[in-house]
Amino acid sequence: MQPSSNSSSEKSELQQLWGGWSTMVKRYYDDPKVAHLMNTRIGQYLSTHPVFALTVLLFGAMATLPVGLFLSFALVTFIMAAVGFVFFEGFLLFIGGVTLLCVLTGIAFFSVMASFIFSALYIIITNIFHRYYPHLKKQRKVQETESESDTSETKDTQ
């Protein structure tokens with residue numbers, strides 16, 4: 001009698017499990033989104049092919065973790081690339097600024113040195129001309145006095 005009582009209790013447990021399962025499935029079928037999905041061609045196909053529907057369900061459930069990990073990886077990689085780009089751009093701007101500063105300092109140094117060299121050459125050349133050609137200096141003084149007298153005469157006539 002033992003085996004029959006176990007089998008009847010197992011049947012009642014199985015019926016209870018099936019009843020709970022069917023109410024849960026019925027609740028999902030009553031949901032408007034699921035009802036809309038089941039009215040589509042894909043939903044009708046899956047309801048007529050339960051093995052394929054189970055395969056799709058298992059694939060979807062098992063694919064969520066790898067897809068989620070990949071999307072997390074892609075998001076982290078995108079954020080790192082954006083942050084890295086900002087830091088790299090900042091580094092390039094820093095290098096460009098330092099280079100510009102060095103070039104401008106070099107140009108300023110060159111300008112000062114060229115100015116000193118040209119000033120020294122001007123002083124040296126004028127001293128050479130004054131020492132070896134003193135008559136040019138006298139001629140210039142004469143021209144200056146003549147030009148001053150011309151300007152004074154024009155002022156007097158006015």
Side-chain angles (χ1 to χ4, degrees), residues 1-133 136-137 140 143-144 147 151:
M1 195 110 172
Q2 225 27 359
S4 65
S5 66
N6 277 343
S7 66
S8 65
S9 67
E10 286 177 8
K11 285 183 183 180
S12 65
E13 287 178 15
L14 187 61
Q15 286 175 349
Q16 286 177 350
L17 185 64
W18 181 256
W21 177 259
S22 64
T23 56
M24 188 172 56
V25 169
K26 191 171 192 153
R27 192 175 343 137
Y28 282 121
Y29 269 107
D30 291 340
D31 187 352
K33 292 179 183 177
V34 174
H36 178 70
L37 176 69
M38 293 309 288
N39 289 333
T40 61
R41 292 178 77 186
I42 294 173
Q44 290 173 359
Y45 181 80
L46 290 177
S47 66
T48 58
H49 296 84
V51 175
F52 185 67
L54 182 63
T55 304
V56 169
L57 178 70
L58 284 174
F59 177 78
M62 293 178 74
T64 54
L65 181 65
V67 169
L69 287 174
F70 174 76
L71 290 177
S72 299
F73 172 74
L75 181 66
V76 167
T77 304
F78 180 73
I79 290 170
M80 296 271 294
V83 169
F85 176 74
V86 168
F87 282 129
F88 186 68
E89 192 70 23
F91 174 73
L92 286 180
L93 285 174
F94 173 74
I95 295 298
V98 168
T99 305
L100 179 65
L101 183 66
C102 291
V103 167
L104 291 178
T105 304
I107 289 172
F109 180 73
F110 176 77
S111 298
V112 168
M113 293 307 293
S115 174
F116 283 144
I117 290 170
F118 285 129
S119 296
L121 285 175
Y122 176 75
I123 291 170
I124 291 170
I125 289 172
T126 55
N127 284 335
I128 289 173
F129 274 131
H130 289 302
R131 173 170 275 184
Y132 291 109
Y133 301 106
L136 291 177
K137 188 175 180 183
R140 193 174 77 192
Q143 285 177 352
E144 285 177 5
S147 67
T151 57

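Index from 1, following the sequence.
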Verdict with supporting geometry, W18 and L14, side-chain contact (heavy atoms from CB on, under 4.5 Å): CA-CA 6 Å; W18 181 256; L14 187 61; 5.6 Å; no
Test side-chain contact (heavy atoms from CB on, under 4.5 Å) applied to V98 and L101, step by step: CA-CA 5 Å; V98 168; L101 183 66; 5.5 Å; no
CZ-CG distance between F116 and L121, expressed to the nearest 0.5 angstrom: 13.5 Å
CE (M24) with more than 12 external heavy atoms under 6.0 Å: yes
Residue pair G43 / M38: nearest heavy atoms and the distance that separates them: O-CE, 3.5 Å
Spatial distance of atom OG1 (T105) from atom CG (L100) [nearest 0.5 Å]: 9.0 Å
Any donor-acceptor N/O pair, H49 side chain to Y45 backbone, under 3.5 Å: yes
Point-to-point distance, once rounded to the nearest 0.5 Å, from CG of L57 to CZ of F52: 12.0 Å
Euclidean distance, I42 CD1 relative to S47 OG, rounded to 0.5 Å: 12.0 Å
side-chain contact (heavy atoms from CB on, under 4.5 Å) partner of L58, chosen from L54, V56, T55: L54
From M80 atom CE to F85 atom CZ, the distance as rounded to the nearest 0.5 Å: 16.0 Å
L37 side, atom CG; Q44 side, atom CD - distance, nearest 0.5 Å: 10.5 Å
Verdict with supporting geometry, L17 and E13, side-chain contact (heavy atoms from CB on, under 4.5 Å): CA-CA 6 Å; L17 185 64; E13 287 178 15; over 6 Å; no
